[in-house]
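Quick notes on the structure that follows.
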Amino acid sequence: MWESSGTAVMGLGVAPSLAAAGILVWALVCPRVEVRRRRGRLARPVTGCAALSLITSFAVPGAGLGSGWKLAETLVLLLLLVAVTRWSPPRELAAALPLTALAVSLWPVPLVTGESFLEAMGIATFWLLPVVAAVTAGAYPRRQEHRRRRAVAEARSAQRQQLSRDLHDFVAHDISGIVVQAQAARFVAATDPSQSVLALERIEKAGLSALAAMDRSVQMLHGPEGPAVAEPLPGVSHIPSLVETFTSAGATEAHLDMSSHAEESLSREAGAAAYRIVVEGLTNIRRHAPQATRATVALTSTAGTVEIRVTNDRGAHHIPARRPAFRGGLGLSGLTERVQALDGALTAGPHGNGGWQLTAVLPAALPQETA
């Protein structure tokens, strides 16, 4: 009976070591496609193994094949701790980490006899060092992976926002012109076919412009390995043609008042923002104030800034402004963020007798010359 009891105690002592080795083999010796799934499910079996190790360390400290066997068990637990820290979900890691740390740091304490409490705690503290090393070895690649995923998510979010702004600023402007020209052509087709032909030419031009804008957006989505964007975004130099196209595409007559120093006073990024501001202002006039008879686009250079104003009147026959059924928040809110990023300011509100004005102030890239 004594021999059988001793054999049972010895078997109980080596059980945590065999369990830890079995868990490690289970996690690694499997098809490659299965490895990732098993690594994420290590926390619970490792927690059970650590609990069993603690029980056997204090309940049967003399069991097993001596301290060498227990040391091998500790090394396997450290390897499992690296894997758990690297791949386990945070909730399961919160339970596995402290219990495994206790199993590793306290295993030699029952084997030390005749030592004071402080000396035993010193031994346990010393064995916390490999625990810290194992957690660090698992946490560092986990943190790097988290940072990489966050950077990818932020890049994708910025790309989506840029795509939304491009579609709103350029495609929506051209599509609005197409709608206006199509409506005008329908009314004059029976009485003046020549005007219908001109409207169709303008529709074709606006459609090609919208396609070019969408091509830029698609090329941007291809990423760095995709084809390079051949055409840069429009800037201040494109505003005169934009105003001219707006006038020819609808009933609202637009006038441009641009200072000779406005273009050279803005950086390339600020010039692209200025173009977007004018596009937004003119598009809103076309969509929300079709009754307006006159619109004014003014770019004025001041000391250290360039002021951009897009203004429309009420019109001879006031009609309630048509508002889109869906507001995506990609117009003025997106422009406001862009202008603020350039250390500028943007405001919009009623102007005059029933009109509207969009005003933006951008910092000048170069100081203005004074007489």
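Positions are given from 1 along the sequence.
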Approximate separation, where rounding is to 0.5 Å, of Asn312 CG and His288 NE2
11.0 Å
Val82 and Val46: same hydrophobic cluster, using ILVMFWY side-chain contacts below 4.5 Å?
no
Between Arg143 and Glu145, is the closest basic N to carboxylate O distance under 4.0 Å?
no
Separation between CG (Leu93) and CZ (Arg86), nearest 0.5 Å, reads 12.5 Å
Answer yes if the side chains of Asp313 and Thr293 hold a donor-acceptor pair under 3.5 Å, and no otherwise.
yes
Any idea which heavy atoms bring Phe246 and Ile285 closest together, and the distance?
CZ-CG2, 4.0 Å
Does a donor on one side chain sit under 3.5 Å from an acceptor on the other, for Ser267 and Glu269?
no
Looking at every heavy atom in both Leu342 and Ala273, which two are closest together, and how far apart are they?
CD1-CB, 3.7 Å
How far does CG of Asp257 sit from CG of Leu299, to the nearest 0.5 angstrom?
8.5 Å
Please find the pair of heavy atoms, one from His351 and one from Trp356, that lie closest to each other, and give the distance.
CB-C, 3.8 Å
Kindly compute the distance separating CD (Glu264) from OG (Ser259), expressed to the nearest 0.5 Å.
8.5 Å
Name the one of Leu81, Val84, Leu78 that satisfies side chain to side chain contact (heavy atoms under 4.5 Å, CB included) with Val135?
Leu81
Indicate if Ile277 and Leu242 have the same hydrophobic cluster label, given that clusters are the connected sets of ILVMFWY residues with side-chain heavy-atom separations under 4.5 angstrom.
yes
Do Glu253 and His255 come close enough that some side-chain heavy atom pair is under 4.5 Å?
yes
Given side chain to side chain contact (heavy atoms under 4.5 Å, CB included), test Arg309 with Val297 step by step and report yes or no.
CA-CA 6 Å; Arg309 295 190 309 275; Val297 178; over 6 Å; no
Closest non-hydrogen contact found for Pro290 with Thr252 is O-OG1, 4.2 Å
Close side-chain approach of Glu280 to Val278, heavy-atom, < 4.5 Å:
no
As a quick check of understanding, evaluate side chain to side chain contact (heavy atoms under 4.5 Å, CB included) for Leu362 and Ile308, giving each step before the final call.
CA-CA 8 Å; Leu362 297 174; Ile308 306 162; 3.8 Å; yes
Leu358 vs Asn284, test: side chain to side chain contact (heavy atoms under 4.5 Å, CB included). Steps then yes/no.
CA-CA 10 Å; Leu358 175 65; Asn284 285 341; 5.7 Å; no
When Thr100, Leu106, Leu77, Leu102 are each screened for side chain to side chain contact (heavy atoms under 4.5 Å, CB included) with Ser53, the one that passes is Leu77
Should we count CD of Glu244 as having more than 12 external heavy atoms under 6.0 Å?
no
Start with the C-alpha gap between Arg149 and Arg147, add the side-chain angles, then the distance that decides, and say whether side chain to side chain contact (heavy atoms under 4.5 Å, CB included) holds.
CA-CA 5 Å; Arg149 291 180 179 178; Arg147 293 180 63 181; over 6 Å; no
Looking only at heavy atoms, the pair that brings Thr47 and Leu99 closest together is O-CD2, 3.4 Å
Quick check on the hydrophobic clustering: are Val243 and Leu335 connected, directly or via other members, by side-chain heavy-atom contacts under 4.5 Å?
yes
Are Val339 and Val279 connected in a single hydrophobic cluster, I mean Ile/Leu/Val/Met/Phe/Trp/Tyr linked by side-chain heavy atoms less than 4.5 Å apart?
yes
With the side chain counted from C-beta on, respond yes when Val236 and Leu266 share a heavy-atom pair under 4.5 Å apart, and no when they do not.
yes
Ignoring hydrogens, what is the shortest heavy-atom contact between His261 and Ser301? Give both atom names and the distance.
C-OG, 3.5 Å
Under 4.5 Å between side-chain heavy atoms, hopping through other hydrophobics if needed: is there a path connecting Leu346 to Leu282?
yes
Distance (rounded to the nearest 0.5 Å) between Ser88 OG and Leu97 CG:
10.0 Å
Roughly how far, to the nearest 0.5 Å, is the OG atom of Ser105 from the CZ atom of Phe126?
12.5 Å
